[in-house]
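Every chain is numbered from 1 and lettered A, B, ... according to where its sequence line falls, protein lines coming before strand lines.
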Amino acid sequence: MTDVRVRIAPSPTGPVHVGTAYQALFDLVLAKKHGGKFVMRIEDTDQTRSRPEYEEQIFKALRWMGLDWDEGPDVGGPYGPYRQSERTEIYREHAKQLVDGGHAYPCFCTSERLDVLRKEQMQNKTKLGYDGHCRDLSAEEVAEKLAEGLDHVIRLKMPQEGTCIVKDRFRGEIELDYAQVDDQVLIKTDGFPTYHMAVVVDDHLMKISHVIRGEEWIMSTPKHLVLYEAYGWEPPEYMHLSLLLNPDGSKMSKRRNPTSVEYYRRAGYSPQALRNYLALMAYPPVGEEDMFSFEQLVEDFDPDKINLGGSIFDMEKLNWLNGRYLREDRSSEQLLKDLKDWLVNDEHFAQMLPFLQQRMETLGDFMPQVAFFFARKVDPQAEDLVPKKRQAEEIPPMLQTAIWALDEVLDWQKEGIEAALRGVAEYWEWPVRDVTVPLIAALTGEKVGPPLFESAALLGQDMTRMRLIDAMNVLGGLSKKKAAKLEKGWKAKR
RNA sequence: GCUCCCAUCGUCUAGAGGUUAGGACCCAGGGUUUUCAACCCUGUAACCGGAGUUCAAUUCUCCGUGGGAGCACCA
């Protein structure tokens with residue numbers, strides 16, 4: 001095998017999803033198996049959604065999981081820069097090559113026209129996708145429009161007939177008709193590349209030999225293959241991993257379950273256990289045991305043993321596995337160190353003192369009052385979640401809007417949290433108290449507790465989110481239909 | 001709607017033509033224990049359906065069915 005180089009390419013648009021860690025895990029396994037390199041590349045080409053603070057979270061979360069990389073924006077390497085926003089010139093040049101070679105073309109269609117087109121296609125139930133409106137503009141027309149300074153994108157000219165064969169190491173050969181895929185945008189109006197453009201150019205330039213990614217990418221692989229072909233480059237070997245699923249079988253989403261790596265860290269899971277469990281989602285137990293180390297997995301790894309069906313993320317089994325690591329894989333000295341590294345340390349206690357000091361008569365009052373900061377989950381009573389003069393049915397919708405508002409807080413500090421929650425009270429035209437009372441119960445599991453905003457800040461964004469979801473469920477939850485309607489109203493008012 | 005992927009207990013899976021279809025989580029019962037965990041034992045529970053191929057199909061093929069994914073100037 002030639003030099004194995006794999007990469008994980010997260011986009012910094014939110015907390016790190018366990019699915020990202022799951023892919024990174026198999027990337028690392030493959031790299032270690034063959035003495036290859038693991039590359040971290042930040043895909044921040046979406047200027048509207050990418051945030052530098054999420055990049056930090058990616059590094060932190062993946063490092064905590066023990067999935068360290070050999071090259072990346074923070075550690076450097078011979079194929080940098082490893083941040084796509086710093087590579088725009090490279091993409092522009094490559095796009096120009098494509099246009100010059102007749103493999104791509106400028107498109108002047110407005111997003112309005114595209115919206116109308118899409119609606120028509122949905123109505124007429126015809127094939128969805130770009131209709132090739134600008135595909136055959138003459139050189140004069142293009143020059144003219146360019147001279148006018150019209151906004152435009154660069155689109156890839158896809159074959160209009162024939163079959164594309166995608167070779168997948170896990171699944172064999174997959175046949176996809178070119179007619180099925182439209183002329184994908186390569187360079188956006190803002191001059192930034194889309195995923196499809198950037199991924200191909202970077203994977204080639206960074207000499208990536210194997211691409212392990214989620215199953216959701218299978219359908220767009222022909223676009224990538226066409227690009228490799230146009231450049232005359234050798235494509236990497238593709239391996240599409242099955243998806244992680246919610247208990248109801250849909251693609252794992254944060255709507256009902258904790259999906260961020262940070263949540264698992266904060267809830268007290270061990271990185272070894274989480275890695276082990278994630279491996280089990282696509283790979284059978286090594287030997288007789290469900291419990292195995294990363295090294296054992298590398299040793300045993302065989303792509304033919306990968307399971308292709310989507311796997312439901314079963315928190316109960318994760319809990320059991322994690323328990324085994326805690327009691328079988330650690331001396332009490334190590335366990336004590338784990339606790340300290342986690343949250344049982346002076347720094348964490350010190351953060352609580354400012355608002356705990358005035359609530360104590362003896363030192364013995366301290367621990368009971370801060371227990372909820374350490375708990376995996378709390379158990380709020382329905383009656384405590386409903387403020388006086390409010391009906392129980394009113395609470396889940398409010399909690400849902402609180403979740404949305406809190407999701408948007410970038411700097412997770414008292415101030416941002418407070419502003420978000422005051423916004424929620426305003427939205428419902430409720431006294432702020434009617435928002436904070438249920439939240440206190442949701443976060444602490446008690447009627448009363450330390451100041452809400454500070455507590456939420458200390459609990460962390462992901463843990464806060466999960467406790468609010470749990471609280472909603474205590475009150476019977478919120479139907480999908482109601483949630484959709486609520487979301488419309490919520491978005492409209494802001 | 002179109003296309004693709006997938007299909008063994010509720011969940012994660014072993015199985016690669018002939019097995020009492022095995023294990024793990026969960027659940028139930030029991031044992032051990034001052035209690036609770038942990039631990040040990042036992043039990044409940046599965047090959048989506050129909051055609052082929054074959055002496056023989058959970059296993060191979062095809063067609064259904066079911067589930068999932070994709071169809072953006074998001075990745």
Side-chain angles (χ1 to χ4, degrees), chain A residues 9-14 17 19-20 42-50 84 107-111 113-115 117-118 121-130 151-155 163-164 166 168 170-172 174-199 213-223 240-252 276-291 304-305 307-324 326-328:
Chain A
S11 58
T13 54
H17 197 278
T20 304
I42 295 293
E43 308 229 327
D44 55 349
T45 56
D46 184 342
Q47 292 194 86
T48 59
R49 295 198 308 151
S50 294
Q84 291 187 330
C107 166
F108 301 89
C109 294
T110 60
S111 45
R113 186 183 105 75
L114 265 19
D115 284 346
L117 177 70
R118 201 186 148 72
Q121 288 170 335
M122 300 249 273
Q123 248 170 32
N124 305 336
K125 293 187 176 172
T126 51
K127 205 179 68 196
L128 263 35
Y130 183 62
D151 276 349
H152 67 281
V153 301
I154 305 293
R155 280 185 191 270
T163 304
C164 178
V166 176
D168 182 293
F170 297 154
R171 293 159 204 267
I174 300 166
E175 292 186 16
L176 294 161
D177 288 339
Y178 282 123
Q180 197 55 221
V181 346
D182 65 353
D183 288 355
Q184 176 62 44
V185 170
L186 260 21
I187 302 285
K188 302 181 254 189
T189 310
D190 64 5
F192 272 55
T194 58
Y195 170 81
H196 305 286
M197 175 76 192
V199 80
R213 67 203 333 185
E215 192 182 358
E216 74 260 36
W217 292 108
I218 292 178
M219 303 298 279
S220 47
T221 310
K223 298 168 188 173
H240 290 96
L241 232 31
S242 63
L243 266 20
L244 261 23
L245 271 24
N246 290 318
D248 71 358
S250 57
K251 185 171 158 181
M252 195 173 177
N276 189 160
Y277 184 70
L278 251 16
L280 244 15
M281 295 278 82
Y283 200 77
V286 173
E288 294 284 286
E289 274 281 16
D290 280 339
M291 183 170 161
D304 292 329
K305 287 166 79 173
N307 280 296
L308 269 12
S311 298
I312 291 172
F313 194 94
D314 179 4
M315 201 79 74
E316 302 227 50
K317 184 148 182 177
L318 204 213
N319 291 343
W320 164 79
L321 231 202
N322 200 74
R324 284 196 61 181
L326 257 31
R327 71 185 97 91
E328 294 176 25

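The pairing partner recorded for B:A21 is none, the criterion being a Watson-Crick or G-U wobble arrangement whose two distances lie under 3.5 angstrom. In this structure B:A16 sits in no base pair that meets the Watson-Crick or G-U test at under 3.5 Å. Pair assignment for B:U54: none, as no Watson-Crick or G-U wobble contacts are both less than 3.5 Å. Of the nucleotides present, none pairs with B:C26 by Watson-Crick or G-U wobble criteria with both distances under 3.5 Å. Across all strands shown, the partner of B:C39 is B:G31, judged by Watson-Crick or G-U wobble contacts whose two distances both fall under 3.5 Å. Of all nucleotides present, only B:U3 satisfies the Watson-Crick or G-U wobble test against B:A69, with each distance under 3.5 Å.
Note that the CG atom of A:Leu241 and the CE atom of A:Met281 stand 11.5 Å from one another [nearest 0.5 Å].
Residues A:Arg327 and A:Tyr277 both approach RNA chain B. Their nearest nucleotides, taken by heavy-atom distance, put A:Tyr277 toward the 5′ side. When each of A:Phe170 and A:Gly310 is assigned the nucleotide of RNA chain B with its nearest heavy atom, A:Phe170 is the one assigned upstream, toward the 5' end.
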Set out, line by line, the N/O atom pairs under 3.5 Å between protein and nucleotides 43-45 of chain B.
none

Which atoms of nucleotides 23-30 of chain B (N or O only) lie under 3.5 Å from a protein N or O atom, and what are those distances?
unit_1, atom_1, unit_2, atom_2, d
B:A24, O2', A:Asp290, OD2, 2.6
B:A24, N3, A:Lys317, NZ, 3.2
B:C25, OP1, A:Trp320, NE1, 3.4
B:C25, O2', A:Lys317, N, 3.4

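If you check every strand for non-hydrogen atoms under 4.0 Å, A:Glu175 touches sugar and phosphate atoms only. No contact: A:Asp177 has no heavy atom under 4.0 Å from any strand.
Scanning for salt bridge (charged side-chain N to carboxylate O under 4.0 Å, His left out) contacts around A:Arg49 gives A:Asp46, with sequence neighbours left out. Take A:Trp320 and apply the ring pair (Phe, Tyr, Trp, His ring centres under 6.0 Å) test, not counting sequence neighbours, and it matches no residue. Legend: residues meeting side-chain contact (heavy atoms from CB on, under 4.5 Å) with A:Met219, ordered by chain and number and at least two apart, are A:Leu176. Judged as a side-chain contact (heavy atoms from CB on, under 4.5 Å), and not counting sequence neighbours, the contacts of A:Asp168 are A:Phe170, A:Arg171, A:Ile174, A:His240. Considering only residues two or more places apart in sequence or on other chains, A:Leu245 meets the side-chain contact (heavy atoms from CB on, under 4.5 Å) condition with A:Leu243, A:Ile312. Residues meeting the side-chain hydrogen bond (donor to acceptor under 3.5 Å, both in side chains) test with A:Ser250, sequence neighbours left out: A:Asn246, A:Asp248. In this structure, the side-chain contact (heavy atoms from CB on, under 4.5 Å) partners of A:Glu316, at least two apart in sequence or on a different chain, are A:Asp314. Partners of A:His196 by ring pair (Phe, Tyr, Trp, His ring centres under 6.0 Å), not counting sequence neighbours, listed by chain and number: A:His224.
Separating the C1' atom of B:A46 from that of B:C9 is a span of 4 Å, rounded to the nearest Å. B:C62 and B:U19 have their P atoms separated by 25 Å, with the value rounded to a whole Å. The P atoms of B:G22 and B:G15 are separated by 15 Å, rounded to the nearest whole Å. Between B:G66 and B:G49, the two P atoms lie 15 Å apart (nearest whole Å).
Residues A:Leu318 and A:Phe313 form a side-chain contact, since some pair of their non-hydrogen atoms from C-beta on lies under 4.5 Å apart.
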Let me have a per-nucleotide readout for nucleotides 59-75 of chain B, 5' to 3', with B, S or -, counting only protein heavy atoms under 4.0 Å.
---------SSSBSBBB
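Between A:Trp217 and A:Tyr195, the ring planes are parallel. Angles under 30° get that label, and only those over 60° would be called perpendicular.
In this structure, A:Glu289 places its CD atom 14 Å from C1' of B:A14, rounding to the nearest Å.
Listed by first and then second residue, the salt bridge (charged side-chain N to carboxylate O under 4.0 Å, His left out) pairs that reach into residues 277-291 of chain A are A:Glu289-A:Arg324, A:Asp290-A:Lys317, sequence neighbours excluded.
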